[in-house]
Amino acid sequence: MTIDKNVLITGATSGIGAALFALFSKHGHTLYPCGRNEEKLRELKEHSTRCQPLSFDINEIEQVNLAASQVDAIDILILNAGDCAYIDDAMAFDAANFARIINTNLTSLGNVLAAFLPKMNKGGQVVFVSSAATLLPFPKAEAYGASKAGINYLANSLRIDLEKYQIGVSLVHPGFVETPLTNRNTFDMPFILSASEAAQRIYKGVMKKKQYIHFPRRLTWLLKVLAFMPQFLRHRLM
Ligand SMILES: NC(=O)c1ccc[n+]([C@@H]2O[C@H](COP(=O)([O-])OP(=O)(O)OC[C@H]3O[C@@H](n4cnc5c(N)ncnc54)[C@H](OP(=O)(O)O)[C@@H]3O)[C@@H](O)[C@H]2O)c1
């Protein structure tokens, strides 16, 4: 039997977040799906009676605070919203692009945590969607990888500080998942999963309050083994 939880998901209007929304709804939880796409949020509301969409840009602190004022209590806070852009030419380093990705993927989490952590119930779980890309440095991923590596530290550090409030932290490292974000990629994406497969793995891990959720394991273990290689060998391989 599943006990009904209040679940807030950022980035619920697309990809992994939308698949998580569908899965948590199917299991009878009360949902707060978030995003900027109001049309998509309206569609989500039509599919579930136990759903209160919240429209806000995670970079805009006033919008985040206004959304938080409409929420009473949260059991599961899933910080999934994010974006990806590559640094195509390292010598013509695109500072604006770098800042945009770091702000959306990492700095904005400060806004969301400040607004929503005080709403968390004891026994709750904060879930950070990082990336398996942080297991190894990849070319052109300076902005995306740095933002997600920052999330790793944030999540692992916050876990220690939230323990006394009886709030757990899960860090998620997905490999490649088929979504509008990866549809833009022109390179091979080994072991790619569908968004609903990814959501199932995240759901299972979150409900078990796992501190670390990574998938598909054949990719994440491979990356972990490669990370043990001497630096010069790894460099050549990449
Ligand atoms: N797909 C993969 O292979 C993969 C692998 C590892 C990790 N991830 C991570 O998984 C998360 C979800 O990715 P996805 O692949 O599902 O991407 P996606 O389909 O592009 O969805 C991204 C979501 O983030 C929201 N978002 C983006 N910028 C926002 C902003 N400024 N304010 C509010 N919401 C914003 C979007 O909502 P609106 O447009 O409605 O604002 C959308 O719902 C990301 O953090 C990504 O880095 C993905």
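Basis for what follows: all heavy atoms, side chains included, without hydrogens, waters or symmetry-related copies. Order of appearance sets the numbers: ligands from 1, and atoms from 1 within every ligand.
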Take every heavy atom of [X], measure it against each atom of ligand 1, and state whether any distance is under 4.0 Å.
X      : answer
Gly175 : yes
Cys84  : no
Ser130 : yes
Asn59  : yes
Val129 : yes
Lys148 : yes

If you measure every N/O of Asn37 against every N/O of ligand 1, is any gap under 3.5 Å? yes
Does Gly35, backbone or side chain, put an N or O under 3.5 Å from an N or O of ligand 1? no
Check: Leu8 and Cys34 side chains under 4.5 Å, non-hydrogen atoms: yes
Relative to the ring of His29, is the ring of Tyr203 parallel (under 30°), tilted (30 to 60°) or perpendicular (over 60°)? tilted
Classify the angle between the aromatic ring planes of Tyr212 and His214 as parallel (below 30°), tilted (30 to 60°) or perpendicular (above 60°). parallel
To the nearest 0.1 Å, how far is [atom] from its closest protein heavy atom, and which atom is that?
atom                    : result
atom 44 (C) of ligand 1 : Asn80 O, 3.2 Å
atom 3 (O) of ligand 1  : Val177 N, 2.7 Å
atom 47 (O) of ligand 1 : Tyr144 OH, 2.6 Å
atom 28 (N) of ligand 1 : Arg36 NH2, 3.3 Å
atom 19 (O) of ligand 1 : Ser14 OG, 2.6 Å
atom 34 (N) of ligand 1 : Ala81 CB, 3.8 Å
atom 25 (C) of ligand 1 : Gly11 CA, 3.6 Å
atom 48 (C) of ligand 1 : Ile16 CD1, 3.7 Å

Around atom [atom1] of [X], are there more than 12 heavy atoms of other residues, nucleotides or ligands at under 6.0 Å?
X      : atom1 : value
Tyr165 : OH    : no
Asp161 : CG    : yes
Glu39  : CD    : no

Using a 4.0 Å heavy-atom threshold (strictly under), name the region of Thr179 that reaches ligand 1: side chain, backbone, both or neither. side chain
Any idea which part of Ala18 is under 4.0 Å from ligand 1, heavy-atom wise: side chain, backbone, both or neither? neither
Would you say the side-chain atoms of Asn121 pair up with the backbone N or O of Gly124, donor to acceptor, closer than 3.5 Å? no
Tell me if the aromatic rings of Tyr86 and Tyr144 count as close, with their centers under 6.0 Å from one another. no
Determine whether the aromatic ring centres of Phe21 and His47 lie less than 6.0 Å apart. no
